[in-house]
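A short worksheet on the structure shown next.
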2 protein chains.
Amino acid sequence: MPQEKINKTEKYNKAISPAVVNRLPRYYRYLSELLRNETFKISSKELSELMNVTASQIRQDLNCFGGFGQQGYGYNIQQLHGEIGRILGVERGFSAVVVGAGNLGRTLSKSGLFIKRGVILKALFDVSPDIIGTEIAGFVVKNIKDAACYCRENKVDIAVLTLPKDETESVANMLSSSGGVKGFWNFSNMELKLGTPDMSDESDISDIFVENMHMGDSLMTLCYNLNLKK
Amino acid sequence: MPQEKINKTEKYNKAISPAVVNRLPRYYRYLSELLRNETFKISSKELSELMNVTASQIRQDLNCFGGFGQQGYGYNIQQLHGEIGRILGVERGFSAVVVGAGNLGRTLSKSGLFIKRGVILKALFDVSPDIIGTEIAGFVVKNIKDAACYCRENKVDIAVLTLPKDETESVANMLSSSGGVKGFWNFSNMELKLGTPDMSDESDISDIFVENMHMGDSLMTLCYNLNLKK
DNA sequence: TAGATTGTTAATCGATTAACAATC
DNA sequence: TAGATTGTTAATCGATTAACAATC
């Protein structure tokens, strides 16, 4: 095997910094938009002006994953869009369940959010007997007690946690240990601490990911900035 | 005025890096929790273990704003909580309106989210004649056409944008230029570009803040991480 | 006073930007 | 070929961590 090839493989296997990862969905959005407008070619310079970042950053970011461009030409948008989509797993069709069918859980379930990102919503769960059995977004809400079992049997990838604060942690622990769920989209305004000692026998916690949507924190950040003036 | 005092004033007037600002709500949350548990004293070391950050970072962050601790003792939680609250403007009582009374707008309005952060919800607006006039969370939904006028007259600080993508930008421009709104909490999965040329006569755009809640991007970041494994 | 822990400076680390040779 | 633009290395900038003197 030629030296060059080994280097390339090594290069593209390096861990990507979170800063870069967090920018990927934004690139994906802009590229989608460009495709919608039937633009097929773009240079890092042009894209940088559109997105308000430096061309250098775009080239650096993309080169973490591969040389998707062509010198003297730029990037083929269709191709680049596809590559980033693959990197983000859009075509993997990850499956998700919503746990907590209150207002927020219902709103998310009814929105096109999941399907637009290639995520397939499979079921909704709740604790309340008033809600269990009712239909939301075409799903009959199931009992939260059956969530772990359901997730394991149906190989659910993502649990969307739209629960009150005090229930979130125990439910997440249950789903990650006995449900096999590998990703949590956490809407409760607290940090999830997974892998409490009493379930240390269970599978490796290290490959479980938590993505937080801390709305409260976001609102307060806005307030901080408003508070600066006057 | 003694030299020392000048230095202190200068020091605490320096712009705070976004990295620090984004951590403030999290500090505030943990301090609130500690107070609830009737803990009144904490060292940067103890807090760092609780929050999973370095003690050094905590001390650096806090010292952007003032010397809130006491050598040999640590931090008085009640005092520190108060200081951060002031920095975040919790007691300022910022006012907000929700623009877009669809599922998400309704969910946010009904949640305790605003009041818990000291933000006072004042009104809801929508375009749809079916929704205008209905009652949500104790508010009669108003016509979006009256939003700018209402915000100006009632000195509304924040507009929560829970609108479809294609309406968000024009509404935000209207509210910032003729409504006097100074902060946008943007739930549409796109970047707001404020201050389009045709309204360049209007007030300074530089003191308008946008805080994005890009749920779609967040979900895709989670997918990226899941996609790494297997 | 002695011990503890801050506030702060200096060192390290990582991320962004600039520059340019490679190359289409 | 000449011009354009990438991929990539080097320089800069900013953020985090470590260390320690100040001090309660």
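In the text below, chain A, chain B and the rest are named by the order of the sequence lines, each starting its count at 1.
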- Message: For D61(B) and R23(B): C-alpha separation, side-chain torsions, deciding distance, then whether salt bridge (Lys or Arg N to Asp or Glu O under 4.0 Å) applies.
- Response: CA-CA 8 Å; D61(B) 284 357; R23(B) 283 194 289 268; 2.7 Å; yes
- Item | dT16(D) OP1/OP2 closer than 4.0 Å to side-chain N/O of Q57(B) | yes
- Note on the structure: In whole angstroms, the gap separating P of dG7(C) from CD of Q71(B) amounts to 6 Å
- Query: So, T107(A) and T107(B): side-chain donor and acceptor under 3.5 Å apart, yes or no?
  - Reply: yes
- R59(A) side chain N/O closer than 4.0 Å to the phosphate oxygens (OP1, OP2) of dT6(D)? yes
- Message: Nearest whole Å is fine: how far is dA15(C) P from L62(A) CG?
- Response: 17 Å
- Round to a whole Å and report the spacing from CG of L80(B) to C1' of dG7(C). 14 Å
- Would you kindly give the CG-to-P distance between N76(A) and dA4(D), to the nearest whole Å? 21 Å
- Query: Of Q57(A), R59(A), Q60(A), which meets side-chain hydrogen bond (donor to acceptor under 3.5 Å, both in side chains) against S44(A)?
  - Reply: R59(A)
- Query: Between G74(B) and V53(A), which has a closest nucleotide on DNA chain C that is more 5'?
  - Reply: G74(B)
- Is a side-chain donor-acceptor pair under 3.5 Å present for N37(A) with T39(A)? no
- Query: Any salt bridge between K45(B) and E49(B), counting N to O under 4.0 Å?
  - Reply: yes
- Task: Whole angstrom is fine here: how far is it from CD1 in I58(A) over to P in dT5(D)?
- Result: 13 Å
- Figure out the NZ/P separation between K45(B) and dG7(C), and round it to whole Å. 17 Å
- Task: Using heavy atoms to find the nearest nucleotide of DNA chain C for G72(A) and G67(B) separately, return the residue whose nucleotide is more 5′.
- Result: G67(B)
- Query: Roughly how many Å is it from CG in N22(A) to P in dA15(C), rounded to a whole number?
  - Reply: 11 Å
- Query: In terms of side-chain heavy atoms of R23(B), which of dT8(D), dT16(D), dT6(D) is nearest?
  - Reply: dT16(D)
- Sidechain N-carboxylate O distance under 4.0 Å for D217(A), R29(B): yes
- Measure distances between side-chain N and O atoms of S56(B) and base N and O atoms of dA18(D), and say whether any donor-acceptor pair falls under 3.5 Å. yes
- Task: Looking only at side-chain atoms of S43(B), point me to the closest of dT5(C), dT16(C), dA15(C).
- Result: dT5(C)
- Task: Write down the distance between NZ (K14(A)) and P (dT8(D)), rounded to a whole number of angstrom.
- Result: 10 Å
- Query: Hey, does the side chain of S17(B) come within less than 4.0 Å of dG14(D)'s phosphate (OP1/OP2), counting only N and O?
  - Reply: no
- Query: For T54(B) and dT17(D), is the shortest distance between a side-chain N/O and OP1 or OP2 below 4.0 Å?
  - Reply: yes
- Between dG7(D), dA15(C), dT5(D), which one does the side chain of Y75(A) approach most closely? dG7(D)
- Message: Under 3.5 Å, is there any donor-acceptor pair linking the side chain of Q60(A) to the base of dT8(D)?
- Response: no
- Look through every strand shown and name the nucleotide pairing with dA21(C) as Watson-Crick or G-U wobble, where both distances are under 3.5 Å. dT6(D)
- Message: Taking pairing as Watson-Crick or G-U wobble with both contacts under 3.5 Å, can you name the mate of dT12(D), or confirm there isn't one?
- Response: dA15(C)
- Message: Of the options dA22(C), dT17(D), dT16(D), whose atoms approach the side-chain atoms of A19(B) most closely?
- Response: dT16(D)
